[in-house]
Amino acid sequence: SSAPVTEPTTGMSFPSVLNDTQRLLGVGLRKKSILGLKNIRVYAFGVYADDEDIKKYLSDNHEKLSGSELKEKELKEDIMESDIRMSIRIQIVYGKLKIKAVRSAFEQSIADRLKKFGGGDNKELLQRFASQFKDEYKLPRGSIIDLSKDRGYVLRTTIDGTEVGSIESKLLCRSILDLYIGEEPFDQKAKQDIEQSLVSLLQN
Ligand code: DAO
Ligand code: DAO
Ligand code: DAO
């Protein structure tokens, strides 16, 4: 297989294949401004999708794809909602992350997506996910968090190779993907790269 890919701003390196079958589609950077003053680089990320599942999606949706009414946006939404195994790999850049800050940042970024895709405020779902992040965890620079969407919309969270929890929720999976490849992504360039990779996978 091919060489790892380096996120250029941070130098963080991402394997081109994850869990044997998931292919790297693109890498990016999550920044956050503190008090509107300075922009910190929080983490680099890579987005992966399962080759087999993409192929299966292709054969199952042959007509949609070859039909004249192919609309890129609809197809994209369909892909984000389908049962394709995907992963987000996160590599921590900012060395002073506190779990409390992670939890509240997460609640901020995900809450409006849960509302957007699910209606309601989904407090319970949000809390169930955030409760996986225990105060005693440490996330020094270089820590690796994998958010893996398994078959059946099970979202599995792993920190440095240790599973910390899993939650079955199509809504949560959809909402998390939206942070990276939705309408207001953390990193616009990364989103474009990911879409481009998907297009070439679909065309192969
Ligand atoms: O022309 O054969 C084709 C297919 C073009 C498909 C474009 C799909 C874009 C999908 C982006 C998905 C991002 C999650
Ligand atoms: O006030 O120390 C600070 C900065 C906190 C930034 C928090 C951003 C957290 C983003 C989520 C990280 C997920 C691993
Ligand atoms: O960047 O704001 C964001 C959202 C990040 C979503 C991923 C959160 C996973 C955090 C796991 C932390 C475990 C202690």
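The basis for the numbers below is simple: all heavy atoms, side chains too, and nothing from hydrogens, waters or symmetry mates. Indexing begins at 1, ligand by ligand and atom by atom, following the structure's order.
Salt-bridge annotation for R103 and D135: present, with a side-chain N of the basic residue lying under 4.0 Å from a carboxylate O of the acidic one. Using a 4.0 Å cut-off between charged side-chain N and carboxylate O, E52 and K56 make no salt bridge. In this structure, D53 pairs ionically with R151, as a charged nitrogen and a carboxylate oxygen lie closer than 4.0 Å. Under a 4.0 Å N-O distance rule, the pair D193/K189 qualifies as a salt bridge.
Every atom of ligand 3 is numbered from 1 in the order shown, and the set under 4.0 Å from a heavy atom of Y137 is 14 (C). Against a heavy-atom cut-off of under 4.0 Å, K32 is close to the following atoms of ligand 2: 8 (C). Each of the following atoms of ligand 2 lies closer than 4.0 Å to a heavy atom of A105: 8 (C), 9 (C), 10 (C). Every atom of ligand 3 is numbered from 1 in the order shown, and the set under 4.0 Å from a heavy atom of I99 is 14 (C). Within the listing of ligand 3, atoms 1 (O), 2 (O), 3 (C) sit less than 4.0 angstrom from a heavy atom of F186. Set against the non-hydrogen atoms of L97, the atoms of ligand 2 under 4.0 Å away are 7 (C), 9 (C). Each of the atoms 13 (C), 14 (C) of ligand 3 lies under 4.0 Å from some heavy atom of I159. When each atom of ligand 3 is checked for a heavy atom of S109 under 4.0 Å away, the hits are 2 (O), 3 (C), 4 (C). Close contacts of ligand 3 with L147, meaning ligand atoms under 4.0 Å from a residue heavy atom, involve 7 (C).
Every heavy atom of F129 sits 4.0 Å or more from the atoms of ligand 3.
The nearest heavy-atom contact from the protein to atom 1 (O) of ligand 3 is Y43 OH, 2.5 Å. Protein heavy atom closest to atom 4 (C) of ligand 2, with residue, atom name and distance, is I40 CD1, 3.7 Å. Looking from atom 5 (C) of ligand 2 to the surrounding protein, the closest heavy atom is A101 CB, 3.9 Å.
Side-chain contact check for F14 versus R89: some heavy-atom pair is nearer than 4.5 Å. Residues K123 and L126 have side chains not in contact (no heavy-atom distance under 4.5 Å, counting atoms from C-beta outward).
Neither the backbone nor the side chain of I110 has a heavy atom within less than 4.0 Å of ligand 3. With a 4.0 Å heavy-atom cut-off, ligand 2 is reached by the side chain of I145 but not by its N, CA, C or O. Contacts between V42 and ligand 3, counted as non-hydrogen atom pairs separated by less than 4.0 Å, are absent for every part of the residue.
Aromatic ring pairs are classed by plane angle as parallel below 30°, tilted from 30° to 60° and perpendicular above 60°; the pair F45 and Y180 is perpendicular.
No hydrogens or angles considered: a donor-acceptor pair under 3.5 Å links the side chains of T9 and E7.
Tested against L139, the residues V102, D160, I144 include a single side-chain contact (heavy atoms from CB on, under 4.5 Å) partner, V102.
A donor-acceptor distance shorter than 3.5 angstrom exists from the side chain of Q132 to the backbone of F129, with no hydrogens or angles considered. Put simply, the side chain of D83 gets close to the backbone of G152: a donor and an acceptor are under 3.5 Å apart.
Heavy-atom proximity to atom 2 (O) of ligand 2, evaluated over F133, F106, Y94, is greatest for Y94.
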